[in-house]
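Below: the structure, in structure tokens.
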Amino acid sequence: MLSVLNSIWPILVALLLFGVIIMTHELGHFTFARIFKVKINEFSIGMGPALFKKKKGDIQYSLRAFPIGGYVAMEGEDEESEDENSFEKKPAWQRAIIIIAGATVNLITGVIIMAIILGTTDLIGVPTITGFSDNAASAKAGLQKGDKIIAINNDKVYTEYDLSYFMMRDEDAVIDFVIERDGELQNIKSVKFDTREIEGQTAIIYDFSILGVEPSFGSVFKYSFLNSFSIARIVWVSLFDIVTMNFSLNELSGPVGTVDIIADTATNAVSTMDFSSLLTIMAFIAINVGIFNLIPFPALDGGRFFLILIEWVTGKRVPTAVENAINTVGMTLLLGLVLVVTVNDIIKLL
């Protein structure tokens, strides 16, 4: 019995935390719909068959079986309605705010989690070199202690996340640096790093250390935003890599893979009593969900926002039938992708 509980609790924790991210997103829509007095028919966490329903006033609150999303069903959102408080009867600017609010709350949640991480850590890493390992290749190539790293291969560096990500993303372990030394910018080109094989992948050996600054109100405030911006940029770059087929299917994770990662991290966090990695993953997921929903793709919040923007600029609303057809196609494609990635996640788990 104990072994079963030890196996199940990390998954339950992962589902709970994943559900919290979904709930904050839907609460963004819900809150501004209420502010603008839009009639709400249902507030749901999860998709698929309902596990729990409760009606309060005119709103049905639901918990559904599959933790892959959620929704706020507003009167007149996907159909024509004569109700004066329906979504479609509201001005374009109000509808735009309601649609964009979910992703915005996710991004704010990511910044708050990042502030908690930085506020409870011993040191905040910043991209300034403080030392080198013995016989460091980067030191031989011209990097020096005290160099502030400004860019890697033409990609701007603001945080330690940028530094590690863009170095990891390099394909040949030969990197061009722009650094600030004694107040002047300098180019250090073709820095050749040593590499090693890890699980069949070639990885760069990081042979220098970076500066850690003590957390204060100013540093936590500054780097909670900068680190969140870095994560958002990583998400955008990764999405571009997916579109351009720079990632294989095995490198993608859907809800099942995400829950598995959170569960593993939760187990390690409890065993070590260090929850920073778990919080970091939660920040990544919150920002990831926010950025992904801002993509101007049909059925996503970004796609709906784009249609409202067209209406705002032209003064002509896209016909409801056309909008519904566009969103149906988009939703079908998204669900197809989720299905493929989920099957792949299950195969990897097995």
Side-chain angles (χ1 to χ4, degrees), residues 15-16 18-107 109 255 286 289-290 292-311 317-339:
L15 289 172
L16 176 63
F18 196 50
V20 167
I21 298 298
I22 295 171
M23 186 173 69
T24 57
H25 179 92
E26 299 307 330
L27 277 174
H29 297 309
F30 181 85
T31 300
F32 280 92
R34 297 282 281 179
I35 289 172
F36 295 132
K37 295 181 170 51
V38 175
K39 182 182 178 183
I40 298 172
N41 296 323
E42 183 178 359
F43 178 90
S44 175
I45 301 300
M47 308 288 278
L51 302 176
F52 171 81
K53 292 182 181 180
K54 182 177 178 62
K55 192 154 189 176
K56 186 175 180 181
D58 294 330
I59 304 174
Q60 177 175 282
Y61 297 88
S62 306
L63 178 64
R64 297 183 178 272
F66 305 122
I68 58 173
Y71 57 86
V72 177
M74 294 175 282
E75 178 74 18
E77 182 182 11
D78 296 314
E79 74 287 327
E80 294 183 359
S81 174
E82 296 303 319
D83 193 312
E84 62 179 9
N85 289 321
S86 66
F87 179 78
E88 69 166 351
K89 299 294 185 185
K90 298 299 178 180
W93 68 271
Q94 291 186 4
R95 284 184 277 122
I97 290 174
I98 293 170
I99 289 299
I100 218 72
T104 302
V105 170
N106 281 136
L107 296 177
T109 300
V289 171
F292 182 75
N293 272 280
L294 289 175
I295 299 172
F297 186 83
L300 293 177
D301 293 341
R304 292 175 180 269
F305 178 80
F306 183 71
L307 292 178
I308 295 173
L309 192 63
I310 291 176
E311 175 189 348
R317 186 167 185 176
V318 177
T320 302
V322 175
E323 182 177 351
N324 288 342
I326 292 172
N327 288 330
T328 299
V329 172
M331 181 60 72
T332 302
L333 292 173
L334 286 175
L335 290 177
L337 176 62
V338 169
L339 177 62

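The two residues S62 and Q60 come nearest to each other via the heavy atoms OG-NE2, 3.3 Å. Residue F306 comes nearest to P296 through the heavy atom pair CB-CB, 4.4 Å, listed as atom of the first residue, atom of the second, then distance. Considering every non-hydrogen atom in both N293 and A103, the closest pair reads CB-CB, 4.3 Å. Taking all atoms of both residues into account, the shortest heavy-atom contact from A101 to F32 is CB-CD1, 3.6 Å. Shown here for A33 and I40, the closest heavy-atom pair between the two residues is CB-CD1, 3.8 Å.
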Test V38 against N85 for side-chain contact (heavy atoms from CB on, under 4.5 Å), laying out the working first.
CA-CA 5 Å; V38 175; N85 289 321; over 6 Å; no

Between E42 and I59, does a side-chain contact (heavy atoms from CB on, under 4.5 Å) hold up when you go through it step by step?
CA-CA 5 Å; E42 183 178 359; I59 304 174; 5.8 Å; no

Derivation of the side-chain contact (heavy atoms from CB on, under 4.5 Å) call for F36 and W93:
CA-CA 11 Å; F36 295 132; W93 68 271; 3.9 Å; yes

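For residues 22-41, the set of pairs meeting the side chain to side chain donor-acceptor pair (under 3.5 Å) definition, not counting sequence neighbours, comprises T24-N106, H25-H29, H25-N106, H25-D301, H29-D301, N41-E75.
In terms of the ring-ring contact (aromatic ring centres under 6.0 Å, His included) criterion, F292 has no residue partners (sequence neighbours excluded). Not counting sequence neighbours, the partners of R95 by the salt bridge (charged side-chain N to carboxylate O under 4.0 Å, His left out) test are E311. Every residue two or more places apart in sequence or in another chain was checked for a ring-ring contact (aromatic ring centres under 6.0 Å, His included) with Y61, and none qualifies. In this structure E79 satisfies the salt bridge (charged side-chain N to carboxylate O under 4.0 Å, His left out) test with no other residue, sequence neighbours excluded. When the ring-ring contact (aromatic ring centres under 6.0 Å, His included) test is applied to F30, the partners found at least two apart in sequence or on another chain are F43.
Side-chain contact between L300 and F305 is absent, with no heavy atoms from C-beta onward closer than 4.5 Å. In this structure, L294 and L107 have side chains that are in contact, with non-hydrogen atoms separated by less than 4.5 Å. I99 is listed as a side-chain neighbour of I308, based on a closest heavy-atom distance under 4.5 Å. The side-chain heavy atoms of P298 and V329, taken from C-beta on, include no pair separated by under 4.5 Å. Looking only at side-chain heavy atoms (C-beta outward), M74 and I98 come within less than 4.5 Å of each other.
Note that the CG atom of L309 and the CD1 atom of I100 stand 9.5 Å from one another [nearest 0.5 Å]. The CG atom of L307 lies 8.5 Å from the CZ atom of R304; values are rounded to the nearest 0.5 Å. The distance from the CD1 atom of I45 to the CZ atom of R64 is 11.0 Å, given to the nearest 0.5 Å.
S81 and E88 form no side-chain donor-acceptor contact under 3.5 Å, judged by distance and modelled atom types alone.
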